[in-house]
Amino acid sequence: MVVVAHRAHIVLTELGIQFQEEIVDLEVPRTPEYLKINPLGQVPTLIYNGEMIQQSAIIAQIAFFVDSWFSKVQPHYFKTLLGKTEKETEDGVTEYIAALVNEVEPLLANTGPFFGGSEKITPAEVLTGPFRLEQDALNFSRWAREVVKHPSVISIFNEESIVEATKKW
């Protein structure tokens, strides 16, 4: 599943909104039926009361935490996956951990178990949970362990399909 589609799934599940899910094979061209719904062929596409919502971030409120994650941490995460050499990958890991400790750790000081001390999953988890990695950053690790145990986050996680998709990279 595409991470941004996972966000939409989490939000709809948490809000208790019934929905019909249609899986789109991202490795083949979009069908004419899908392109009638979303001419750009993007995923996810939500249709609500006849209105198309194309971007999952619209579904949940973007917070400072989420912005910090995506603008200051996640770019380094992708370097850990896409390094062309062992050194590039190692540098990416070092930069990722530094960004995590400096940018995200302080924002998670009062988690309990979810962002801001919430007992319920928040938009911060919805938007960033699918990207998390276990690291040595104390607050992040504690927070991430709770996020990945939440039923909304794991309900559509299929480890086998993720492993197979990763092998194709």
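Only this structure's heavy atoms are used, side chains among them; waters, hydrogens and symmetry mates stay out.
Residues forming a salt bridge (Lys or Arg N to Asp or Glu O under 4.0 Å) with Lys84 (at least two apart in sequence, or on another chain): none. For Asn102, the side-chain contact (heavy atoms from CB on, under 4.5 Å) partners at least two apart in sequence or on another chain are Ala98. Residues meeting the side-chain contact (heavy atoms from CB on, under 4.5 Å) test with Glu90, sequence neighbours left out: Glu86. Under the side-chain hydrogen bond (donor to acceptor under 3.5 Å, both in side chains) criterion, Gln20 pairs with Glu22, not counting sequence neighbours.
A salt bridge (charged side-chain N to carboxylate O under 4.0 Å, His left out) check over residues 28-41, counting only residues at least two apart or in different chains, returns nothing.
His76 approaches Ala99 most closely through the heavy-atom pair CD2-CB, 3.7 Å. Taking each heavy atom of Pro106 and Val101 in turn, the nearest pair found is CD-O, 3.4 Å.
Side-chain contact between Trp69 and Leu100 is present, with heavy atoms from C-beta onward closer than 4.5 Å.
If you chain together hydrophobic residues whose side chains sit under 4.5 Å apart, Leu82 and Val93 fall into the same group. No chain of hydrophobic side-chain contacts below 4.5 Å, direct or via other Ile, Leu, Val, Met, Phe, Trp or Tyr residues, connects Val24 to Leu35.
Note: Ile37 CD1 to Thr31 OG1 = 7.5 Å, rounded to the nearest 0.5 Å.
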